[in-house]
2 protein chains.
Amino acid sequence: MTTLRRVADRPTWLLSRANARAQGLLAEAFAAAGVRGYHFRLMAALEQLGPCSQADLGRATAIDRSDVVAVLDDLDAWGLTRRKPDPADRRRNVVLLTEDGAARLEELDAVLGGVQEAVLEPLSAAERATLLRLLRRLAPEG
Amino acid sequence: MTTLRRVADRPTWLLSRANARAQGLLAEAFAAAGVRGYHFRLMAALEQLGPCSQADLGRATAIDRSDVVAVLDDLDAWGLTRRKPDPADRRRNVVLLTEDGAARLEELDAVLGGVQEAVLEPLSAAERATLLRLLRRLAPEG
DNA sequence: TCCTGGTCGTTGGTAGGACCAACGATAGCC
DNA sequence: GGCTATCGTTGGTCCTACCAACGACCAGGA
């Protein structure tokens, strides 16, 4: 691609390119494992919060309630999570991580770790720390 | 949002958050000016390359040929670009930037500059330089 | 000269992430 | 009992990014 004077070297552009590469590697690794990012995020939240409602999961992961439904449909079908009606509140489902789900989460966490290594591969350890510190300052709420 | 141990602090996550903020500011500023990123990228390429075919524009901007069509439809309708059949090759259109287009490009370039300032606002000048240097190393092809 | 392979603009479709509005059912408060 | 809010769910939208295929056209070799 021809270097575009008015576009390349803009921080917004560099950020989008670096992110595109990272998300590409991530999506590729997750796809090879048969999942998408939403599946991992939901399972990670479920493990951390313990059994909870779909609305709680949505809030914890910043995933829209309507999208939570579809992702849980997948996870349920795969036997990684289970929905049960909440006896204390009949509007709610209690969602819980199965044993298979917990095991799968560990596998996917390792996949995710490998992706981080691939993304940061061009940088030294000190540079990685610097980058993360600066990115944290740029990112919202944190 | 509850901090998710297995997700937050991952470089891929920080990158996506920082990028989301930057792209949000960018999209907002462009939307206020009545355009999207593609419109700017295409006009920037057109100014830099001079009159050329749609396929050339697609290659220069890494925008798919099929998307170039729709964006040029907009720009033509706004009087910012013009398509003419290429007499030397009847498969092609020659696309050129009108005077209005060149003027609009300058305006939008200033808008883009303002966004960069807003994005990097949390960082000092030295930190900004460091960040850009590191991001360049992470981004593909350059 | 014909044929083949490649390119051009264009149409139409897909995918993922992120949203939003609305519904019936249900809970909690006054 | 009535009002308001929340729950899960359905069914959309938008944007960026792709990909496949079409008819038209060009350039090369046989």
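The chains referred to below are lettered A, B, ... by the order of the sequence lines, with proteins before strands, and numbering in each begins at 1.
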task = Could you go through the side chain to side chain contact (heavy atoms under 4.5 Å, CB included) check for B:D9 and A:R136 one step at a time?
result = CA-CA 8 Å; B:D9 279 346; A:R136 248 186 293 268; 2.7 Å; yes
query = Going by modelled atom types, is there a donor-acceptor pair between the base of C:dC19 and the side chain of A:D67 at under 3.5 Å?
reply =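 In this structure, the two groups form a donor-acceptor pair.
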key: Nearest to side-chain heavy atoms of B:R65, which nucleotide of C:dA18, D:dG8, C:dT10   = C:dT10
task = Kindly point out which of D:dG8, C:dT11, C:dC20 is positioned nearest to the side chain of B:V69?
result = C:dT11
Under 4.0 Å: is that the gap between some side-chain N or O of [X] and OP1 or OP2 of [N]?
X     : N      : value
A:R90 : C:dG24 : no
B:Q54 : C:dT10 : yes
B:Y38 : D:dC15 : no
B:R83 : C:dC8  : no

ask   = What is the distance, rounded to the nearest whole Å, between atom CG of A:N19 and atom P of C:dG16?
value =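 Atom-to-atom, A:N19 to C:dG16, this comes out as 17 Å.
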task = Nearest whole angstrom, please: distance from the P of C:dT10 to the CG of B:D86.
result =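 Rounding to the nearest Å, CG of B:D86 and P of C:dT10 are 13 Å apart.
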message = Please find the pair of heavy atoms, one from A:A22 and one from B:L15, that lie closest to each other, and give the distance.
response =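 Heavy atoms only, the tightest pair is CB-CD2, 3.8 Å.
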5' precedence on DNA chain C between A:R36 and A:R91 (nearest-nucleotide basis) = A:R36
ask   = Of A:P87 and A:G37, whose nearest nucleotide on DNA chain C comes first from the 5' end?
value = A:G37
inquiry  = Is there a side-chain contact between A:D74 and A:V35 in this structure, where contact means two heavy atoms from C-beta onward sitting under 4.5 Å apart?
reply    = no
request  = Taking the side chain as every heavy atom from C-beta outward, state whether A:S16 and B:Q23 have any pair of such atoms under 4.5 Å apart.
outcome  =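 SC-SC contact between A:S16 and B:Q23 confirmed.
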